[in-house]
Peer 1: 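Take this structure first; my questions come after.
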Amino acid sequence: MEMIKKKSIKELLQITEENLQVELMAWVKTKRQSKNVAFLALNDGSIIHNLQAVVDVNNETDVLLNRIHTGAAVQLQGKLVKSQGKGQANELLVEKLVVLGEADPDKYPLQPKRHSLEFLRENAHLRFRTNLFGAITRVRHAMIFAVHSYFNQNGFYNVHTPILTASDAEGAGEMFQVTTLDLKNPPKEENGNIDYSKDFFGRSANLTVSGQLEAELAAMALSKVYTFGPTFRAENSNTSRHLAEFWMIEPEVAFADINDDMDLAEGLLKYCVQYALDNCSDDLDFLSQRLTNEEKSLPEAQRSQELREKLKTVIDNNFERVTYTEAIHILKNSKPNKKKKFKYVIEEWGADLQSEHERYLVEKHFKKPVILIDYPKEIKSFYMKLNDDNKTVRAMDILFPGIGEIVGGSQREEDLEKLTKRMDEMNIPQKEMSWYLDTRRFGSAPHSGFGLGFERLLLFVTGMGNVRDVIAFPRTPKNCEY
Ligand code: 4AD
Ligand code: MG
């Protein structure tokens, strides 16, 4: 007997050999049936394209076909032949058909039609099965791979920084507490405060908001490291760019200044975007088409650039490097500011920039990615290196079209005295951070790093509009399903 090879649809569509006997398992996207023949569009997620299966209708197959609807899982054997129809290379002439799992069309929520993104968010357990989320999931995988590949090629070592931590890296206090204490009856100290010495770790603990501080420890020995893990922020931001659980890429480099840091970030972003163009062609076709359809009803001026064109502008342009002070000058004199069109009108130097300002700089003024540097120290974290003006720090934020801030980073303050002074000013307890300060006590060296929000990168690459649609199970205020 001939050996039957079990193959994915991605493999089957690429086979050039004729009349190969094959087996596959997949889900039915659609079924079309006439008197003598039925066509099944099959997908197994290996690629966005479907494989068409052709089934002769007879007494035996008719019974089986009646059990098959959109969403059913099937096992098929048959002969792979060149497709007669246009648009696909191969199709399967079915010789054996097994129904693995039925999907009752009266109950199955996904139908072969366009569902709204809101509906799919409410059915996140099933949305992997749509073309859209298949594409997003594959692009997400490709971007994870690209990130690791970029750092590996550039001599970086990956470190896993802790997810459970006792430190607040950003000093912003937006942390989720982790405890095993009985919340109904917690142990108390004499003064009435909760006695955390009785808690699991013998102290209070949180989910990490950033792996940076631990990555700095590693960089002070391995020179070039990066961490890529989940981060958690308990900020009550209900925006299309914020998640309570998101993934962040954080490189940390010894003997690197702010300019090296910007070069590294720009290189990483360009590499990832190029990787998507080179490796996610089919999915980008689909995502580009989706975006065009989505925006069809908008006036032309409001439509976004075609997805691939937009991706190419990132690769073809040097990111514009501008100081915060210059940016404030541009914004103050901008039309939307003068006409009070901004929700937050820029009045003076020192103002924190909102996403509307960031997007104005990128989309209207410079028309390419922008790196803002030298922010006022008051609006940035304690660990950033103070400039000689004593007013600004060597921070850098990268702003992207349609997104706003995609990267936040800085050169770090390596001077122990300046750092501890800043911590005192910002009420950051030094005692608990003694381990961190040891990097500045022993063999301190200039170093820099940044954080790239992975979901924001995916927003950009996929052309999606909401971070909740580029992570499988989004966590946002009042939403922790699954
Ligand atoms: O600017 P952030 O807060 O910087 C840090 O956490 C530094 N410790 C990074 C470093 O220097 N190692 O966050 C970095 C990036 C942001 O630019 C944004 O892309 C993303 O993380 N980000 C979020 N993404 C989704 N949801 C949120 N709530 C996010 N907060 C930050
Ligand atoms: Mg930031």
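Read the numbers this way: they start at 1 and go in the same order the structure lists the ligands and their atoms. In this chain, numbering begins with 1 at the start of the sequence shown.
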Peer 1: At under 4.0 Å between heavy atoms, which part of Asp397 makes contact with ligand 1: side chain, backbone, both or neither?
Peer 2: neither

Peer 1: Are Lys368 and Glu320 ion-paired here, with the side-chain N under 4.0 Å from a carboxylate O?
Peer 2: yes

Peer 1: I'd like to check whether His242 has a polar contact with ligand 1, where a contact means an N/O of the residue lying under 3.5 Å from an N/O of the ligand.
Peer 2: no

Peer 1: Report the name of the N/O/S atom of Glu405 located nearest to the Mg ion (ligand 2).
Peer 2: OE2

Peer 1: Report the part of Phe246 in contact with ligand 1, treating N, CA, C, O as backbone and CB onward as side chain, heavy atoms under 4.0 Å; options are side chain, backbone, both, neither.
Peer 2: side chain

Peer 1: Should the heavy atoms of other residues, nucleotides or ligands under 6.0 Å from NZ of Lys10 be counted, would the total exceed 12?
Peer 2: no

Peer 1: Look at atom 4 (O) of ligand 1 and say which protein heavy atom is nearest, naming residue and atom and giving the distance to 0.1 Å.
Peer 2: Glu170 OE1, 4.0 Å

Peer 1: Does any N, O or S atom of Asp397, backbone or side chain, fall under 2.8 Å from the Mg ion (ligand 2)?
Peer 2: no

Peer 1: For ligand 1, is there an N or O atom under 3.5 Å from any N or O atom of Gly453?
Peer 2: yes

Peer 1: If the threshold is 4.0 Å, N to carboxylate O, is there a salt bridge linking Lys380 and Asp397?
Peer 2: yes

Peer 1: Establish, from distance only, whether the side-chain atoms of Asp260 and Gln411 form a donor-acceptor pair under 3.5 Å.
Peer 2: no

Peer 1: Is the distance between the ring centroids of Tyr344 and His357 under 6.0 Å?
Peer 2: no

Peer 1: Is it true that Glu235 lies under 4.0 Å from ligand 1, counting heavy atoms only?
Peer 2: yes

Peer 1: Check this for me, if you would: do Asp469 and Arg127 make a salt bridge, where the nitrogen-to-carboxylate-oxygen distance has to be below 4.0 angstrom?
Peer 2: yes

Peer 1: What residue and heavy atom of the protein are closest to atom 15 (C) of ligand 1, and at what distance?
Peer 2: Gly451 O, 3.6 Å

Peer 1: Can you check which of Arg233, Met248, Glu174, Arg456 brings a heavy atom nearest to atom 18 (C) of ligand 1?
Peer 2: Arg456

Peer 1: Please verify whether a non-hydrogen atom of Tyr383 lies at under 4.0 Å from ligand 1.
Peer 2: yes

Peer 1: Among all protein heavy atoms, pick out the one at the shortest distance from atom 11 (O) of ligand 1; state its residue, atom name and that distance to 0.1 Å.
Peer 2: Arg412 NH2, 2.9 Å

Peer 1: For atom 28 (N) of ligand 1, which candidate among Leu243, Ile406, Thr227 holds the nearest heavy atom?
Peer 2: Leu243

Peer 1: With respect to Thr462, which candidate in Val139, Leu307, Leu284 satisfies the side-chain contact (heavy atoms from CB on, under 4.5 Å) definition?
Peer 2: Val139

Peer 1: Please state which part of Arg241 comes within less than 4.0 Å of ligand 1, counting heavy atoms only: side chain, backbone, both or neither.
Peer 2: backbone

Peer 1: Are Tyr271 and Phe151 an aromatic pair by the rule of ring centers under 6.0 Å?
Peer 2: no

Peer 1: Can you list the ligand 1 atoms lying under 4.0 Å from a non-hydrogen atom of Val407?
Peer 2: 17 (O)

Peer 1: Where on Glu250 is there a heavy atom closer than 4.0 Å to ligand 1, on the side chain, on the backbone, on both, or on neither?
Peer 2: side chain

Peer 1: Return yes if a side-chain donor-acceptor contact under 3.5 Å exists between Thr392 and Asn387, otherwise no.
Peer 2: yes

Peer 1: Are Glu413 and Lys421 close enough for a salt bridge, meaning some N to O gap below 4.0 Å?
Peer 2: no

Peer 1: Can you tell whether the side chains of Arg321 and Asp263 come within less than 4.0 Å, N to carboxylate O?
Peer 2: yes

Peer 1: Among all protein heavy atoms, pick out the one at the shortest distance from atom 1 (O) of ligand 1; state its residue, atom name and that distance to 0.1 Å.
Peer 2: Glu405 OE2, 3.0 Å

